Participant: 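Following this message is one structure expressed as structure tokens.
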Protein chains: 2
Amino acid sequence: MTTTPTTPHDPAAPRSRRALRPDDGRLVRGRKARSRIREAALALFRERGFDGATLRAIGARAGMGASSIYRHVESKEELLIDELAARQEEAWMRFRKGDDRRLPVRERLGRFLELEHALLAQDADFTTIALRASTQPEARVAKRVLALQDRTIGLVAEILQGGKLRGELARGLDLLAASRAIVHVLAGARIPWANGLVSAEGCRASIAAALDVLFSGLAAR
Amino acid sequence: MTTTPTTPHDPAAPRSRRALRPDDGRLVRGRKARSRIREAALALFRERGFDGATLRAIGARAGMGASSIYRHVESKEELLIDELAARQEEAWMRFRKGDDRRLPVRERLGRFLELEHALLAQDADFTTIALRASTQPEARVAKRVLALQDRTIGLVAEILQGGKLRGELARGLDLLAASRAIVHVLAGARIPWANGLVSAEGCRASIAAALDVLFSGLAAR
DNA sequence: GCGTGCGCGGGGACAAGATCGCATAGAACC
DNA sequence: GGTTCTATGCGATCTTGTCCCCGCGCACGC
């Protein structure tokens, strides 16, 4: 997915001339440090929100100075994206586990969105930050967020595909465009909620209404 | 629109016990300063982009120190929101001027989106920043962006309404939900473009495809 | 055993947005 | 004319993400 893997200091793929053995003490220490950082960051995000969680505080909780965090991470946003990616993964796994391809598309889609929503609703910050990250000039982070979104779109497309095969969907339907539209509408509906302008219930209702519109279409029949 | 007008230092509505006459020298000076700031900010945004335009630089060009800017503005984002609002206003005016209510909805909508897009496409920064602003914890800015978006949604709803009256749209259509969906899809489609992951043409195509989907609907007929 | 290379951690510095307390100046009121 | 009130302006300072450079310590080849 990433078009430029030539990052000089990418900790995941060090460009050392002589490859280190994966059980090298230094690498092991590094991995432990990374997981400490992730834990600390997540806890502090929960406690104080993304902006409230200072890198210095995260560093302190992880047992290191703030600047050392940059040995393992390229930016603060990346910490949150890591977490977001992990949660997405989990939500998708959970979806697949309970998924039944014989159900009507509408229902499968509903279940998927339900899980996706539950995932993000855990912290309102996630919606906010994922979006903000996608608007950061630092390309690396934005691209990761968009890649995640692309995967979501892909999953939705897969679900729709099932429905299309069984004739539940319009024949000429552009699956990709449709999936994109669904995902975008979801994101758009969540923004006012993340800003506290709409209740969780209002957000859900808005999404449901949008799905109705999407399924039946605007044009007169 | 704003639910909390009790800001202690809101320059637009000072809560002085004794109201100042609008031609009070201080107020006049303040107005001039504000417009100088706006000019300087806009010019620098154009020259160096939002992040490249330092508050200190803006202040210098406006003939004052950076900190003084905060006498007139609550945050850097607000400067850009001002500009965005002005452009929205202009785009809407231009739309209304050339609008013909007898045209098919689809066409009217297309023209509207065209103008809206031309407006934002002037600087890719606008899409990015408007979106980023809507994710800022500072409620004031986020709310202004969302209010702008709400107005856009309202305008789209108005356009759709015309089509509905003439039977071009589905009878049971939820106009508000539909308008929201359209605007959200637009925003969603613009994000990858603003990040340079999709060409302007790709973005436009994606929007067109989404509109197709929206109009004809997902479900089989 | 011993240099050597490399990953890691830290202190300090920097940039830029934001805040604070003080100074100024002009208007209003006596 | 003097006092007071208040919008404006400024310099210093704070905060926080990020960068730079140094020292440490461990693994590896000799």
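Convention: sequence-line order gives letters A, B, ...; per-chain numbering from 1. Remember, it's a predicted structure, so these values are computed and weren't measured experimentally.
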Participant: Nearest whole angstrom, please: distance from the P of C/dA16 to the CZ of B/F50.
Facilitator: 13 Å
Participant: Round to the nearest Å and state the distance from B/Y70 atom OH to D/dA12 atom P.
Facilitator: 18 Å
Participant: When we call it a touch if two heavy atoms are under 4.0 Å apart, what does B/A66 touch: a base, just sugar-phosphate, or nothing?
Facilitator: nothing
Participant: Let's see if you can work this out: which of C/dC20, C/dG17, C/dA13 has an atom nearest to the side-chain heavy atoms of B/S67?
Facilitator: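 When the side chain of B/S67 is considered, C/dC20 is the closest of C/dC20, C/dG17, C/dA13.
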Participant: For the pair made of NZ in A/K76 and P in D/dG17, what is the distance, rounded to whole Å?
Facilitator: 4 Å
Participant: Could you state the atom-to-atom distance from CZ of B/R71 to P of C/dT19 in whole Å?
Facilitator: 12 Å
Participant: Under 4.0 Å between a side-chain N or O of A/S68 and OP1 or OP2 of C/dG10?
Facilitator: yes
Participant: Categorize A/A53 for me: base, sugar-phosphate, or nothing, with a 4.0 angstrom heavy-atom threshold over every strand shown.
Facilitator: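 It contacts sugar-phosphate atoms only.
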Participant: Checking contacts here: which listed nucleotide (C/dG10, C/dA18, D/dG9) is nearest the side-chain heavy atoms of B/R36?
Facilitator: D/dG9
Participant: Using a 4.5 Å cut-off on heavy atoms from C-beta on, say whether the side chain of B/R151 contacts that of B/Q88.
Facilitator: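 Counting from C-beta outward, B/Q88 and B/R151 never come under 4.5 Å.
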Participant: Considering only D/dT18, C/dG9, D/dT8, which nucleotide approaches the side chain of B/R34 most closely?
Facilitator: D/dT8
Participant: What is the distance from CD of B/E77 to C1' of C/dA18, rounded to the nearest Å?
Facilitator: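 Value for this atom pair: 12 Å.
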Participant: When the distance from CD1 of B/I37 to C1' of D/dC10 is rounded to whole Å, what number comes out?
Facilitator: 13 Å
Participant: Using the side-chain heavy atoms of B/T54, tell me which of these nucleotides is nearest: C/dA16, C/dC20, D/dC19.
Facilitator: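 Nucleotide nearest to B/T54's side chain: C/dA16.
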Participant: May I ask you to check if B/K76 and B/F50 form a cation-pi contact, with NZ or CZ under 6.0 angstrom from the six-membered ring centre and within 45° of the axis?
Facilitator: yes
Participant: Please confirm whether A/R111 makes a cation-pi placement over A/F95, using NZ or CZ under 6.0 Å from the six-membered ring centre and within 45° of the ring normal.
Facilitator: no
Participant: Contact between B/L218 and A/I182 at the side-chain level, heavy atoms closer than 4.5 Å - yes or no?
Facilitator: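 The answer is yes; the side chains approach within 4.5 Å.
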Participant: Any idea which of C/dG10, C/dC8, D/dG9 is nearest the A/H72 side chain?
Facilitator: C/dC8
Participant: Given atom CE of A/M64 and atom C1' of C/dG7, what is their separation to the nearest angstrom?
Facilitator: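 To the nearest whole Å, that distance equals 12 Å.
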Participant: What is the distance from CD1 of A/I58 to P of C/dG10, rounded to the nearest Å?
Facilitator: 15 Å
Participant: Determine, for A/E47 against A/R61, whether the closest basic-nitrogen to carboxylate-oxygen distance falls under 4.0 angstrom.
Facilitator: yes
